[in-house]
Number of protein chains: 2
Amino acid sequence: MAGCYGGMVANLTSAKPDELALAAFELFSTRGIAGVNMDAIAAGAGVTKGSLYWHYASKKEIILAACNLYYRAWRRQILEATESSDRPAEKLEAAVAFSVRSCLLDDANRVFTTEIVAMSLYDSEVRASWAGFLDETERFFLGLTHRAVGAGELRCDDVDRAVDLMLAAMEGIKQIALFRPQACLPENEQRTCRRLMSLLGERVSALA
Amino acid sequence: MAGCYGGMVANLTSAKPDELALAAFELFSTRGIAGVNMDAIAAGAGVTKGSLYWHYASKKEIILAACNLYYRAWRRQILEATESSDRPAEKLEAAVAFSVRSCLLDDANRVFTTEIVAMSLYDSEVRASWAGFLDETERFFLGLTHRAVGAGELRCDDVDRAVDLMLAAMEGIKQIALFRPQACLPENEQRTCRRLMSLLGERVSALA
DNA sequence: ATCCCGCCATACTGGGCAGTATTGAGCGTT
DNA sequence: AACGCTCAATACTGCCCAGTATGGCGGGAT
């Protein structure tokens, strides 16, 4: 077991593994996982392969660490995006807007997730990791949607199915945007958000 | 220029390149593009690398040939699936049903398309090839949907947008099905079809 | 018969890359 | 001051694999 720091240090001070994973993420997001070798990751982080292999035992470990970094960033950003609103339906709209923005406008996001999905085809650990993230995403949107419906701000018969369909549409839009750059134009962002929101049900106009 | 058959033979009789591309497709669909080397493709087709390289100059040529094979199969199958119906709305439903079935139940389809999408990130030729197929798919569904609306069998305000959203949802469902095997169960097939059809508009009940 | 050519097989090369072996520098401990 | 531990750098190995070189075989044309 390399890189365990003696076992007792709770990994709070040492950001080195995160630095390495971040360098890996940035390279993966631009040149793809297969297009990046361990020397490139090390160089990107300003070290050499020797120390890289001290922190991570294999390339797959770095890939999984980069995934975890991505998940953490997502959690932080989507909380930031939604915390400013107080009404549930507004939070939901903010969450959809954030997701659309990161789907359509963030190339790194698109590249990295596409790579991870492809890798999940053959690597069960990566697949399990990504499946966990999908579950988390779904729980998040389910929670927001149920709250919006419960607060009477949204009308939706089958929340679970609606959320699933909306998330599927989002993934599909992200994928198709690869081939239709014009779909990524900012002027289409609002319309895409409205379309996706309409999948979640009808907004009840605020007449309280 | 290898494999040009002297230039005048119209490639009607010789199915060998197709055989090779088919073997490649089958291997790609099970072990991934990166997981299949040229020797494996040759062995799968019952030849050796020497003759494989006589027909195709590089691995990418075989990949593109496998794509074209996939497109041809799709054309044939979706025409078969829709020709039995005569009313436009029924054709549309049949096309959606076929797509859902090949998305959810056909592992090879899922694996191959995921691989191609990932490869499109870095290879412009592959991306162009797949983009052409996406365009074709969209045109097909646009045609069917417009005809159904024109025949008064479907009510839809913005057909173009609706078709785009439906196709995106289909791609997303395909991708997510990788991580949610339970979504692929046959008993969910009908419901998925109905959900997707609802994205295209409201079916007008036949009271002619 | 022989010559050409489409087609196929065998053997090989060269490069890229994951992973390893080994050494060393800084530093706290005793 | 000698030791051990963490972390880092260099050099190397071994494998996989795309692509190549080259030789052979069968059949059609003359």
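Convention: sequence-line order gives letters A, B, ...; per-chain numbering from 1.
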### Residues which pass side-chain hydrogen bond (donor to acceptor under 3.5 Å, both in side chains) with A:D107, listed by chain and number, not counting sequence neighbours
A:R110
### Contact pattern, 5' to 3', of nucleotides 8-27 of chain C - B, S or - by protein heavy atom under 4.0 Å
SBB------SBBB-------
### Query
Taking only residues two or more places apart in sequence or in another chain, which ones pass side-chain hydrogen bond (donor to acceptor under 3.5 Å, both in side chains) with B:R72?
B:D18
### Task
Taking side-chain hydrogen bond (donor to acceptor under 3.5 Å, both in side chains) as the test, write out the residues that go with A:E61, two or more places apart.
none
### Query
Pairs in or reaching into residues 100-126 of chain B: which pass ring-ring contact (aromatic ring centres under 6.0 Å, His included), with residues at least two apart or in two chains?
B:F25-B:F112, B:Y70-B:F112
### Inter- and intrachain pairs under side chain to side chain donor-acceptor pair (under 3.5 Å), touching residues 191-200 of chain A, at least two apart
A:N188-A:R191
### Task
Round to a whole Å and report the spacing from CG of B:L52 to P of D:dT20.
13 Å
#### Entry: salt bridge (Lys or Arg N to Asp or Glu O under 4.0 Å) against A:R127, all qualifying residues, sequence neighbours excluded
none
### Message
For DNA chain C, which residues of residues 21-29 of chain A approach it to below 4.0 angstrom with any heavy atom?
### Response
none
### Query
What pairs meet the side chain to side chain donor-acceptor pair (under 3.5 Å) rule with one or both residues in residues 135-145 of chain B, with sequence neighbours excluded?
A:R180-B:D135, A:R180-B:E138, B:R75-B:E136
### Task
For the helix from C:dA1-D:dT30 to C:dT30-D:dA1, measure the angle between the helix axis at one end and the axis at the other, each built from five pairs, rounding to 10°.
20°
### Query
What side chain to side chain donor-acceptor pair (under 3.5 Å) pairs are there with at least one residue in residues 19-42 of chain A, not counting sequence neighbours?
A:D39-A:K49
### Task
Could you pull out all residues at least two apart from A:D106 that satisfy side-chain hydrogen bond (donor to acceptor under 3.5 Å, both in side chains)?
none
### Query
Looking at the rings of B:Y71 and B:W74, which for Trp means the six-membered one, are their centres under 6.0 Å apart?
no
